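Structure first, commentary second.
This one's a predicted model, so the numbers in the text were calculated from it and none came from an experiment.
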Amino acid sequence: MNSAIPPLTTVEAMQTWLRERVAGYVDTPFEEIRTDIRLVDYGMDSLAALTFSGEIEDEYGVELPATMAWDHPTIAAIAMLLRERLDQEAARAS
């Protein structure tokens, strides 16, 4: 877990990071990855979604549910979940 990520990381910055990762998983140019399209519509399968979830956990130092991509199917929704989790962690730490 990466405790160096500041709690004030913006949703926009997280969305950019998430878009970069999704682009790699689905072999699509970054510019074509939108935050409001379901990951499954880009062709991301369940194994890739689980790996993606683990990558997010490692980068941001938060725990996410195994069903993250199912319950939060877009980059925008994942970024909001991530922002919420980071805020919760920051509140616990203070």
**Message:** Between Thr74 (side chain only) and Ala77 (backbone N and O only), is there a donor and an acceptor less than 3.5 Å apart?
**Reply:**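 Yes, the answer is positive, given that a donor and an acceptor are paired below the 3.5 Å cut-off.
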**Item:** Side-chain donor or acceptor of Thr51 paired with backbone N/O of Leu47 under 3.5 Å
**Value:**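 Yes, Thr51 side chain to Leu47 backbone: donor-acceptor pair under 3.5 Å.
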Write down the atom of [X], the atom of [Y], and the distance for their closest heavy-atom approach.
X     : Y     : answer
Glu63 : Arg85 : O-NH1, 2.7 Å
Gln15 : Ala76 : NE2-CA, 3.6 Å
Ala79 : Val11 : CB-CG1, 3.9 Å
Leu64 : Leu81 : CD2-CD2, 4.0 Å
Tyr60 : Leu86 : O-CD2, 3.6 Å
Tyr42 : Arg34 : OH-N, 2.6 Å

**Request:** Please check if atom CE in Met44 has more than 12 non-hydrogen atoms from other residues, nucleotides or ligands closer than 6.0 Å.
**Result:**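 Yes, enclosed.
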**Prompt:** Is it true that atom CG of Asp27 has more than 12 heavy atoms of other residues, nucleotides or ligands lying nearer than 6.0 Å?
**Reply:**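 Open: at most 12 neighbouring heavy atoms sit under 6.0 Å from CG of Asp27.
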Rounded to the nearest 0.5 Å, what's the gap from [atom1] on [X] to [atom2] on [Y]? Could you check?
X     : Y     : atom1 : atom2 : value
Arg19 : Phe30 : CZ    : CZ    : 3.5 Å
Glu89 : Glu84 : CD    : CD    : 12.0 Å
Ile75 : Arg21 : CD1   : CZ    : 11.0 Å
Asp36 : Asp41 : CG    : CG    : 10.5 Å

**Request:** Apply the test side chain to side chain contact (heavy atoms under 4.5 Å, CB included) to residues Val40 and Trp70: give CA-CA distance (whole Å), side-chain angles for both, the deciding distance (0.1 Å), then the verdict.
**Result:** CA-CA 9 Å; Val40 70; Trp70 179 263; over 6 Å; no
**Beyond-backbone contact of Phe52 with Leu18, side-chain heavy atoms, under 4.5 angstrom** =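 A side-chain contact under 4.5 Å exists here.
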**Item:** pair Ile33-Val26: side-chain heavy atoms closer than 4.5 Å
**Value:**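 Yes, their side chains come closer than 4.5 Å.
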**Request:** Output, in order, the C-alpha distance, side-chain angles, deciding distance and verdict of side chain to side chain contact (heavy atoms under 4.5 Å, CB included) for Leu39 and Ile78.
**Result:** CA-CA 10 Å; Leu39 299 178; Ile78 293 169; 3.7 Å; yes
